[in-house]
Amino acid sequence: MGFKKILIANRGEIAVRVIKACQEMGINTVAVYSEIDRTGLHVQMADEAVCIGPPPAGESYLHMDHIIQAAHDTGSEAVHPGYGFLAENSEFDRRCEEENLVFIGPNSRSLNLVGDKIRSRKSVEQAGLPIIPGMKGSHKDVAKYEEEAQRIGYPVMIKATAGGGGKGMRIVYEEKDLKASLEAGMREARSAFGDESVYLEKYIEEPRHVEIQVLADNYGNVVHLFERECSIQRRHQKIVEETPSPVMDEKLRNEMGETAKKIIQITGYNNAGTVEFLVDKNKNFYFLEVNARLQVEHPVTELTTGVDLVHQQIKVASGEKLSLSQEKLEQRGHAIECRIYAEDPLKNFLPSSGKVLFLKEPRGPGVRHDCGIYGGCEVPIFYDPILAKLIVWAEDRNLACQRMINALEDYVILGVKTPIDFLKDVISHSKFKKGKTTTDFLKRHFENWEEKKKTEDKQKLAALACAFDSSLRAPVRTGGASYQKEIYSPWKSLGKWRLGEK
Ligand code: MV4
């Protein structure tokens, strides 16, 4: 028997997405909100809503006691964490288990394991599965690093042991640069993570970030739902994702899919998860980490497989056996997602907040818009700035690119800044259209996009002003064959308004 009531411990577009899945399954929903989110779309859509605190996330969406209390007060049987906030917090997972609430995600033990990047790398390596060649731990002595670097072979990548998301990463191409880079990496690791230890890996050149979606039930059944290409990233923040990956072939897809399933099995993982890999230019792949949550980019997998991943999460969490079999799963067509953030691409993607004055949502065949805002709502500055995701599906990649460009052109958000224009240029870029999407794509092709755009905008304004001006100066026929040239005067063009006249 499934759940009767689920509390969604999140906000914005993912909370709306999960509420919709619950509504389709006949499950009542409880939204939680901070005081500033009182009028949020997710609050309006849920059957019930509970205020869990003031705007700061630490006092609301990250406040475990308030969320658990809200679940008890409303008689919720399960909690869906979405992504971000407490979605990968094994302490919260454990607290839910203790409070007899079903955490819609992995069990706390496996969440703990996959959350420890070093431990999970060791487990994967012991299973004989491909990890990035590198060191097993860190050292104090620089000379040791020099030996390790010789063993690994240059170029090497310096990574912070306590790091993640690319922070503190440094590439070293030659031994003469190693010492200085190590000292800089240790300083950055100490200030960013309070732990200066770093380790070396072989630098994977021109890498692609390719991840495999997996689903595992509580009885050891696991399926993978193919790959997602996530290489278009800005400061390690994914902004465009797609499936199938332009580099994938059947052999590589099966190998990566089977490897991902093995990793899920050895870590005792259950529910939806994503196994991240790096793929090098020779199509070798290396395990990076497991993401123990429903990912932002899950819709591209849903559109090409026809599987609703949130439905599956809820069914598995309620104790159902997986209804999907690997043999029956297949991909059809091509899907691309663009993330719509409240950020100003002309101000180095500075977060933008304020009231959404106007929203025109893209629509049409094969266009999906997972949206957490509405015309007139407020976009607060307190949280991750993701507003929505625009996803398209089409029969092949070229059509999907064209559909995305058209959808982005139809899309209007006024009141807060967004990178809609920037995304249109990314998808329209010849290298993107050719599928040449390695992780340095933006660095290579969009380094000075801001300046170019600002110049373009000035030129357009100048052209507009001239066009407007010349339209006023245009020769006007005043009857008969002859006509006199209208001499431009603002007072004439203003009509009856005159300064200083009675
Ligand atoms: C790497 C790598 C190349 N070689 N490790 C980025 C953050 C985390 N997910 C691991 N990441 C990488 N690790 C080795 N040995 C390339 C990435 C990487 C990346 C690096 C720089 C800029 C953007 C990137 C996007 C995805 C992965």
Side-chain angles (χ1 to χ4, degrees), residues 83-84 88 114-118 120-122 124-125 129-138 145 148-174 177-178 181-182 184-185 188-189 192-193 198-212 227-242 245-247 256 260 263 273-293 295-297 337 339 349 426 431-432 436-447:
Y83 55 68
E88 296 188 271
V114 300
D116 179 333
K117 309 296 173 206
I118 303 287
S120 43
R121 264 168 60 91
K122 276 200 181 103
V124 169
E125 188 181 24
L129 301 170
I131 66 165
I132 302 172
M135 290 170 55
K136 300 278 179 288
S138 58
Y145 282 100
E148 295 276 11
Q150 286 302 335
R151 176 181 63 81
I152 294 166
Y154 287 93
V156 294
M157 174 78 100
I158 298 172
K159 286 187 175 178
T161 308
K167 269 213 192 90
M169 281 172 31
R170 273 173 172 74
I171 305 168
V172 180
Y173 289 94
E174 298 172 76
D177 304 325
L178 183 64
S181 298
L182 276 169
E188 185 171 345
F193 313 111
V198 295
Y199 62 97
L200 300 182
E201 287 181 346
K202 178 73 182 157
Y203 175 59
I204 309 298
E205 299 188 77
E206 293 177 38
R208 283 171 179 269
H209 179 121
V210 179
E211 57 190 34
I212 301 285
E227 80 279 6
R228 290 187 290 258
E229 166 87 48
C230 306
S231 297
I232 309 281
Q233 303 189 11
R234 198 185 149 275
R235 292 189 188 161
H236 300 288
Q237 171 79 272
K238 299 166 187 168
I239 56 171
V240 177
E241 302 99 345
E242 64 178 307
S245 162
V247 284
M256 290 180 73
I263 290 169
T274 295
V275 185
E276 276 190 5
F277 296 95
L278 280 186
V279 179
D280 71 15
K281 53 191 172 190
N282 305 317
K283 293 198 178 184
N284 300 306
F285 62 93
Y286 309 91
F287 169 72
L288 268 179
E289 58 188 357
V290 173
N291 292 324
R293 63 183 183 270
Q295 294 216 258
V296 173
E297 60 269 24
E337 174 182 90
R339 300 187 184 196
F349 292 83
V426 168
K431 296 290 186 198
F432 183 87
K436 300 213 176 295
T437 55
T438 48
T439 52
D440 58 355
F441 177 89
L442 292 183
K443 192 171 174 53
R444 267 194 194 176
H445 309 302
F446 282 76
E447 198 71 356

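Just so it is clear, the model here is predicted, and its values are computed rather than measured. Atoms within a ligand are numbered from 1 in the order they appear, just like the ligands themselves.
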Heavy-atom nearest neighbour in the protein, as seen from [atom], with distance rounded to 0.1 Å:
atom                    : value
atom 26 (C) of ligand 1 : Thr439 CG2, 3.4 Å
atom 4 (N) of ligand 1  : Ile204 N, 3.0 Å
atom 7 (C) of ligand 1  : Gly166 N, 3.3 Å

message = For Ser245 and Arg228, which I'm curious about, is there any donor-acceptor pair between the side chains at under 3.5 Å?
response =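 The answer is no; no qualifying pair exists.
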ask   = Cut-off 3.5 Å, side chains only: do Thr438 and Glu206 have a donor facing an acceptor?
value =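 There is no such pair between these side chains.
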ask   = With a 4.5 Å limit on heavy-atom distance, are the side chains of Glu205 and Tyr203 in contact?
value =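 Yes, side chains in contact.
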query = With respect to atom 23 (C) of ligand 1, which of Arg234, Gln237, His209, His236 exhibits the smallest heavy-atom separation?
reply =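 Looking at heavy atoms only, His236 sits closest to atom 23 (C) of ligand 1.
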key: Of the listed options Glu276, Lys159, Glu205, closest to atom 5 (N) of ligand 1 (non-hydrogen atoms)   =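 Checking each option, the heavy atom nearest atom 5 (N) of ligand 1 is found in Lys159.
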ask   = Does Glu276 come within less than 4.0 Å of Lys238, counting only side-chain N to carboxylate O?
value =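 Looking at Lys238 together with Glu276, the answer is yes, because their closest N to O distance falls below 4.0 Å.
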inquiry  = Using a 3.5 Å distance criterion without hydrogens, assess whether the side chain of Asp280 forms a donor-acceptor pair with backbone atoms of Asn282.
reply    =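 At least one qualifying donor-acceptor pair exists.
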task = Give a yes or no on whether the backbone of Glu289 and the side-chain of Lys117 come within a donor-acceptor separation of less than 3.5 Å.
result =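 Checked: no pair found.
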query = When you look for heavy atoms under 4.0 Å from ligand 1, do you find them on the side chain of Asp440, its backbone, both, or neither?
reply =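 For Asp440, there is no contact with ligand 1 at all, from either part.
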query = In ligand 1, which numbered atoms sit nearer than 4.0 Å to a non-hydrogen atom of Gln233?
reply =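 Close to Gln233: 25 (C), 26 (C).
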query = Any nitrogen or oxygen of Glu201, main chain or side chain, under 3.5 Å from a nitrogen or oxygen of ligand 1?
reply =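 So ligand 1 has an N or O lying under 3.5 Å from an N or O of Glu201.
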inquiry  = If you measure every N or O of Met169 against every N or O of ligand 1, does any of those distances drop under 3.5 Å?
reply    =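 Not met; the criterion fails.
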